[in-house]
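These notes concern the structure reproduced below.
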Amino acid sequence: MGSHPTAGRASEKRGFLFLLGFACALLAAGTGYSIGVAQGVRSAWQEGLDTPLARVGYRMTVGKPKGLDGFPSLEDDLVSVQAVLGHPKGTMVRLAMALQDLDGNAGPALTKATNMCKQLAWPRCDAVALRRMKRALEK
Amino acid sequence: MNTRGRVLLLGLIVAASGASGFGCGYEWKRKRALEFVGNLARVPELKVADLAYAFAPSSQVRTLIEQEPPPQGEWAHTAKKVELLRKLRLAVVAAAPSERNALLAEAEVLCKGCKPESIRRMFQLYAQDRLVPPGDEIMCNSCAPYRAREPLPPLD
């Protein structure tokens, strides 16, 4: 006695539907995971960068912020950092940020860095010393 | 189960899979990214400490070293070692040779079993990181006069 042809077709259909369901679930899990990863990174950045010190640290290591919402201006953050760290540490942070933009022997970045260095009363604030400071920061 | 029921079940399974995939990806990546981002707040102070140690006047470096908080939490067990290294850095920026030698003697006491030569060697390694202007050599009674590894050139 063989199985009924209609029962065989129904069983095949169930198998196909099961496979289709499994494939859809797998696809959905993969898509959900990818979206979750992207959202997780975004959320961590926004949560981690909620202090001026972290944002200045970001600018020192990663560079100028791109694609991050609500990033305050550098000047605002430096004012807050100065208030938190006080003098001379806050001024040193300002000097470090000015040194990042230093390029060549002239320009507003050099003037700014020289002024910060003089405010700190460091023994050498000439262009040679400032370039050495920039190199030391980049290490 | 009729077709409508099957489609509904499939939709539920797909939605649940998608949601669990999202949850796993979100939590896993967020935790790892927070570890990295959390350290960014320490970057300005660390960079500034390195910069000041190499270029600032000794009095400022001394203030900065004295303000450093002791290691806490999972790093508490390193407190003694950190204190020893702090003494050596303070010795580098000490105002007078007598003060420098006293700090080196304290470092020797902290480092039980260390030879005095090792302490002097560590002191010299720390002294190398100070890029002082020429002529501002660092000395202690039993250390050779020390010139920075890459001294700043004299002004024209």
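This one's a predicted model, so the numbers in the text were calculated from it and none came from an experiment. Below, read A as the first sequence line, B as the second, and so on, with proteins coming before strands; counting in each chain starts at 1. All heavy atoms count here, side chains included; hydrogens, waters and symmetry mates do not.
- Counting only heavy atoms from C-beta outward, the side chains of A:Phe71 and A:Arg59 approach each other to under 4.5 Å.
- B:Tyr53 places a side-chain N or O within 3.5 Å of a backbone atom of B:Tyr126 that can act as its donor or acceptor partner.
- No donor-acceptor distance shorter than 3.5 angstrom exists from the side chain of B:Arg30 to the backbone of A:Ala44, with no hydrogens or angles considered.
- With hydrogens and angles disregarded, a donor-acceptor distance shorter than 3.5 Å links the side chain of B:Asn39 to the backbone of B:Glu35.
- Counting heavy-atom pairs closer than 4.5 Å to chain B, the top residue among A:Pro123, A:Ala129, A:Pro88 is A:Pro123.
- A salt bridge links A:Glu138 to A:Lys134: at least one charged side-chain nitrogen sits closer than 4.0 Å to a carboxylate oxygen.
- Heavy atoms of B:Glu45 lying under 4.5 Å from chain A belong exclusively to its side chain.
- B:Leu10 touches chain A through its side chain: at least one heavy atom from C-beta onward sits under 4.5 Å away, while N, CA, C and O do not.
- We find that A:Glu75 and A:Arg94 are joined by a salt bridge, their nearest charged nitrogen and carboxylate oxygen being less than 4.0 Å apart.
- For the atom pair A:Trp122 CH2 and B:Leu51 CG, the distance stands at 4.0 Å (nearest 0.5 Å).
- Of the atoms belonging to A:Leu99, it is side-chain heavy atoms, and not backbone ones, that fall under 4.5 Å from chain B.
- Qualifying disulfide bond (SG atoms under 2.5 Å apart) partners for B:Cys114, counting only residues two or more places apart in sequence or in other chains: B:Cys111.
- Contact of B:Leu64 with chain A is made through the side chain alone, with heavy-atom distances under 4.5 Å.
- With respect to chain B, the highest number of heavy-atom pairs below 4.5 Å among A:Gly48, A:Ala29, A:Cys117 belongs to A:Ala29.
- Both the backbone and the side chain of B:Ala56 come within less than 4.5 Å of a heavy atom of chain A.
- Ranked by non-hydrogen atom pairs under 4.5 Å with chain B, the options A:Gly21, A:Ser43, A:Ala121, A:Ala136 are led by A:Ser43.
- Your options are A:Arg132, A:Met97, A:Met92, A:Lys89, and the one with the most heavy-atom pairs under 4.5 Å with chain B is A:Arg132.
- When the heavy atoms of residues 70-109 of chain B are compared with those of chain A, none of the residues falls under 4.5 Å.
- Heavy atoms closer than 4.5 Å to chain A are found in the side chain of B:Gln67, but not in its backbone.
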Practice task
Decide side chain to side chain contact (heavy atoms under 4.5 Å, CB included) for A:Leu85 and A:Leu53; before the verdict, give the C-alpha distance in whole Å, the side-chain angles of both, and the deciding distance to 0.1 Å.
Solution key: CA-CA 10 Å; A:Leu85 299 180; A:Leu53 263 175; 4.2 Å; yes
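- Only the side chain of A:Arg124 comes within less than 4.5 Å of a heavy atom in chain B; its backbone stays farther off.
- Interface residue B:Leu131: only side-chain heavy atoms are found under 4.5 Å from chain A.
- Between B:Glu66 and B:Arg62, at least one side-chain N (NZ, or NE/NH1/NH2) sits under 4.0 Å from a carboxylate O, which counts as a salt bridge.
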